[in-house]
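Let me begin by presenting the structure, written as structure tokens, before commenting on it.
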There are 2 protein chains.
Amino acid sequence: MSTAEEMTMSEPGLACCTPLTGTPMSAAQAEQVAPLLKALADPVRLRLVSLIAASAGGEACVCDLNDAFDLTQATISHHLKVLHSAGLLDRDKRGVWVYYAVRPGALAAVANLFDTAVLTPA
Amino acid sequence: MSTAEEMTMSEPGLACCTPLTGTPMSAAQAEQVAPLLKALADPVRLRLVSLIAASAGGEACVCDLNDAFDLTQATISHHLKVLHSAGLLDRDKRGVWVYYAVRPGALAAVANLFDTAVLTPA
DNA sequence: TGCAGACATCGACGAGCGTCGATGTGCTTT
DNA sequence: AAAGCACATCGACGCTCGTCGATGTCTGCA
């Protein structure tokens, strides 16, 4: 899987070289964060997370979420599985119904990434 | 685009209904934010933004970025175009070299989305 | 015991994405 | 004017993704 083994970064004497002032994100760190963002980078999944977070108790059952979209139940179930696999949603089965809840701190971690991490220049 | 006309699946008197306490994200808003996240949801692009932000002056030229990856120059150019088209990067051509800079406030806007928006339950 | 509802899984299809080599464009130097 | 460099663009390839209909699994009720 891991293909890269990069070194050669700087050649002295070139005019276009921009020195690094901060510490950029490592390749391993990027490969770890990207799936989180990829899980959120979909209009339907974004609305799903929003709907769940805006529900009472921070949780919602699938039947409610299903009615909020013009999509098949199979598709909604797929999107919920993606969000759950990414660690963004918690799954709780109660009887016939399944309740999904936003995992505490999951979204805050994403926000923190763009707030205090190496991504923000100033 | 819109394929289905959904049938009303809701029957009154069901136990699984979860009332909304907050205001969830609208479909239009989700369609507007998703491309931003989709542009960031790639390990290479994440590192590109990080490298640019960590560079002196918050900008870096393509030749430097190109050396940081084991990828073709065409691929790096493609990723930079994606980030630029998404409004995350500013492009500035100086002579032969092209400098990319993180658009001010772009990442803060994403962070703000997960901080104060309807996505955070508590 | 059997049936109906809620949700997950499966296989399939079209569309989009990441990557590449090759080529084009524009600037600089000789 | 010609050559060389930096970067963008162009097809093309394989792979992944979003969506669907069909089917499977489990629960609760008659």
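Order of the sequence lines fixes the chain letters, A, B, ..., with proteins taken first and strands second; residue numbering starts at 1 for each chain. All values below come from the heavy atoms of this structure, side chains included, with hydrogens, waters and symmetry mates left out.
At distances below 3.5 Å, at least one donor-acceptor pair connects side-chain atoms of B/Asp64 with backbone N or O atoms of A/Thr18. A/Ser50 places no side-chain N or O within 3.5 Å of a backbone atom of A/Leu46 that could act as its donor or acceptor partner.
With contacts defined as side-chain heavy-atom distances shorter than 4.5 Å, the pair A/Leu65/A/Leu71 does not qualify. Residues B/Val62 and B/Trp97 are not in side-chain contact: their nearest non-hydrogen atoms beyond the backbone lie 4.5 Å or more apart.
Remark on DNA chain D: of its neighbouring residues A/Arg45 and B/Val98, the 5'-side contact belongs to B/Val98, judged by nearest-heavy-atom nucleotide.
Applying the side chain to side chain donor-acceptor pair (under 3.5 Å) test to residues at least two apart or on different chains, the pairs with a partner in residues 73-85 of chain A are A/Arg45-A/His79.
Rounded to a whole Å, the OH atom of B/Tyr100 is 9 Å from the P atom of D/dC7. Distance CZ (A/Phe69) to P (D/dC20): 12 Å, rounded to an integer number of Å. Computed from coordinates, the B/Asp42 CG to D/dT16 P distance equals 14 Å when rounded to whole Å. In this structure, the CG atom of B/Leu48 is 14 Å from the C1' atom of D/dC7, given to the nearest Å. Between the CH2 atom of B/Trp97 and the C1' atom of D/dA8 there is a distance of 18 Å, rounded to whole Å. A straight line from OH of B/Tyr99 to P of D/dA6 spans 12 Å, rounded to a whole angstrom. In this structure, B/Lys93 atom NZ and C/dT28 atom C1' are separated by 11 Å, rounded to whole Å. In this entry the distance linking CG of B/Asp92 with P of D/dC7 reads 12 Å, nearest Å.
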Is there a salt bridge (charged side-chain N to carboxylate O under 4.0 Å, His left out) between B/Arg94 and B/Glu59 once you walk through the steps?
CA-CA 12 Å; B/Arg94 282 179 229 157; B/Glu59 64 177 11; 2.8 Å; yes
Might you work through the side chain to side chain contact (heavy atoms under 4.5 Å, CB included) test for B/Phe69 and B/Ile76, ending with a clear yes or no?
CA-CA 8 Å; B/Phe69 298 87; B/Ile76 298 297; 3.8 Å; yes
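For B/Val96, counting side-chain heavy atoms from C-beta on, the closest listed nucleotide (D/dG21, C/dA8, D/dC5) is D/dC5. The nucleotide whose nearest atom lies closest to any side-chain atom of B/Lys38 is, among C/dC17, C/dC7, C/dT19, C/dC17. The side chain of A/Val62 lies closest to C/dA8 when the candidates are C/dA8, C/dG21, D/dA8.
Rounded to 10°, the helix from C/dT1-D/dA30 to C/dT30-D/dA1 has 10° between the axis fitted to its first five pairs and the one fitted to its last five.
Annotation for A/Ala41 and B/Leu37: closest pair CB-C, 3.6 Å, computed over non-hydrogen atoms.
For A/Gln73 against C/dA6, no side-chain N or O and base N or O form a donor-acceptor pair under 3.5 Å.
Screening B/Leu40, B/Asn112, B/Val49 for a side chain to side chain contact (heavy atoms under 4.5 Å, CB included) with A/Phe114, the sole residue that qualifies is B/Leu40.
An OP1 or OP2 oxygen of D/dT19 is reached within less than 4.0 angstrom by no side-chain nitrogen or oxygen of A/Thr72.
Cation-pi geometry between B/Arg91 and B/Tyr99 is not satisfied (NZ or CZ under 6.0 Å from the ring centre, within 45° of the ring normal).
Listed in residue order, the members of residues 74-89 of chain B having a heavy atom less than 4.0 Å from DNA chain C are B/Ala74, B/Thr75, B/His78, B/His79.
B/Asn66 comes within 4.0 angstrom of no nucleic acid atom, judged by non-hydrogen atoms across all strands. If you check every strand for non-hydrogen atoms under 4.0 Å, A/Arg91 touches sugar and phosphate atoms only.
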